[in-house]
Structures are given as structure tokens and as C-alpha cells.
Visitor: 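This is the structure I want to talk about, given as C-alpha cells.
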Amino acid sequence: MSRNKVISADKLVHMKREFGFPDDFLCSLVPKYQEYFRLVGCPGEEKSFLELVSWNEEFAKSVIELRAEEESELTSIRVRPSFNWKLPPGFFL
């Protein structure tokens, strides 16, 4: 998400495979979670956006981070979470 809590819907449609979204995520997922997201504009037009309506702090940590915290509590040693991932061809940081 951007600083103003919106992202281009067309960009998300283009990247849906990388995020693991289904083909119809704008029609199936967004209405299902309307307490969190709102679609502004019409998909297919260049001025459609997905807007974050509200934020749940429970969603802010990944499973990897939660497991690292649990391990730190058990061992009293701070464990740094490790995220192993590969970018698709042509994507660079």
C-alpha cells in the first residue's frame, strides 16, 4: 500500500500471480472483505484503485515473525526472522 492507503487496481491485476490472488480477486475477495478494502473506480480503466478502509493490527505480523517471537520467549534469545524469497524474472530491488 502507498502512504495514502491506495494502490492501482490495474497494477494488482497485473501482479495477481505473484501475490497468489485468484483471477477474479477484485470480484470475489474485495467484496468479501469490504470492512478492510474498497474498490474505487472501474477495473480496466486506468483510474481504478484499491483503498484500505481500516487496519487490523493482528494482520501486521507474518507467521514467520510470530514464530520468531515465540522462539525468543522460549529461549530468551532474540531470534531474527528470516524471509527467504525470490523475485520473478525481471524484478529487482
Side-chain angles (χ1 to χ4, degrees):
M1 285 281 156
S2 67
R3 189 179 306 180
N4 57 355
K5 299 180 183 176
V6 297
I7 190 166
S8 167
D10 294 328
K11 299 290 183 192
L12 281 176
V13 169
H14 180 71
M15 299 291 298
K16 67 184 170 195
R17 293 282 174 241
E18 285 76 16
F19 289 120
F21 294 153
D23 288 335
D24 65 343
F25 77 95
L26 289 175
C27 298
S28 62
L29 292 179
V30 174
K32 185 176 180 180
Y33 298 101
Q34 59 188 335
E35 66 272 17
Y36 300 113
F37 300 105
R38 175 179 31 216
L39 189 60
V40 180
C42 296
E45 297 178 4
E46 295 204 12
K47 295 192 168 116
S48 60
F49 299 93
L50 187 65
E51 179 181 7
L52 182 64
V53 176
S54 68
W55 179 250
N56 185 337
E57 284 297 324
E58 292 179 22
F59 300 156
K61 291 188 179 180
S62 69
V63 172
I64 294 171
E65 291 171 304
L66 293 173
R67 287 184 183 163
E69 286 178 2
E70 288 173 7
E71 190 172 331
S72 295
E73 289 176 14
L74 291 173
T75 63
S76 299
I77 299 170
R78 185 172 178 268
V79 178
R80 189 171 156 209
S82 175
F83 295 93
N84 297 324
W85 50 279
K86 285 179 21 180
L87 291 172
F91 285 79
F92 303 98
L93 289 177

Visitor: Using side chain to side chain donor-acceptor pair (under 3.5 Å) as the criterion, list what pairs up with Glu73, not counting sequence neighbours.
Guide: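 So Glu73 forms no side chain to side chain donor-acceptor pair (under 3.5 Å) with any residue.
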Visitor: Of all residues at least two apart in sequence or in a different chain, which pass the salt bridge (Lys or Arg N to Asp or Glu O under 4.0 Å) check with Asp24?
Guide: none
Visitor: Hey, are the side chains of Ile7 and Leu12 touching, using non-hydrogen atoms and a 4.5 Å cut-off?
Guide: yes
Visitor: Pair Leu50, Lys11 - check side chain to side chain contact (heavy atoms under 4.5 Å, CB included), show working.
Guide: CA-CA 10 Å; Leu50 187 65; Lys11 299 290 183 192; over 6 Å; no
Visitor: Show your working on side chain to side chain contact (heavy atoms under 4.5 Å, CB included) between Phe49 and Leu39 and close with a plain yes or no.
Guide: CA-CA 6 Å; Phe49 299 93; Leu39 189 60; over 6 Å; no
Visitor: Enter the distance from Ser54:OG to Gln34:CD here, rounded to the nearest 0.5 Å.
Guide: 11.0 Å
Visitor: Within a strict 4.5 Å, meaning less than it, do heavy atoms of the Phe37 and Leu29 side chains meet?
Guide: no
Visitor: Just so I know, are the side chains of Leu52 and Val6 near enough to count as touching, which here means a heavy-atom distance under 4.5 Å?
Guide: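 No - every pair of side-chain heavy atoms lies 4.5 Å or more apart.
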Visitor: Are any of the side-chain heavy atoms of Ser8 and Ser48 separated by less than 4.5 Å?
Guide: no
Visitor: In Å, rounded to the nearest 0.5 Å, how long is the span from CD of Glu71 to CZ of Arg78?
Guide: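 It comes to 12.5 Å.
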Visitor: Could you tell me which non-hydrogen atom of Leu26 sits nearest to which non-hydrogen atom of Ala9, and how far apart they are?
Guide: CD1-CB, 4.3 Å
Visitor: Residues in side chain to side chain contact (heavy atoms under 4.5 Å, CB included) with Glu35, at least two apart?
Guide: Tyr33
Visitor: For Phe19, give me all partners under ring-ring contact (aromatic ring centres under 6.0 Å, His included), at least two apart in sequence or on another chain.
Guide: Phe21
Visitor: Tell me, please, which residues at least two apart from Tyr36 pass ring-ring contact (aromatic ring centres under 6.0 Å, His included).
Guide: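 Checked Tyr36 against ring-ring contact (aromatic ring centres under 6.0 Å, His included); matches are Phe59.
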Visitor: With sequence neighbours left out, write down each residue that passes side chain to side chain contact (heavy atoms under 4.5 Å, CB included) with Arg67, or none if nothing qualifies.
Guide: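 For Arg67 the side chain to side chain contact (heavy atoms under 4.5 Å, CB included) partners, ignoring immediate neighbours, are Val63.
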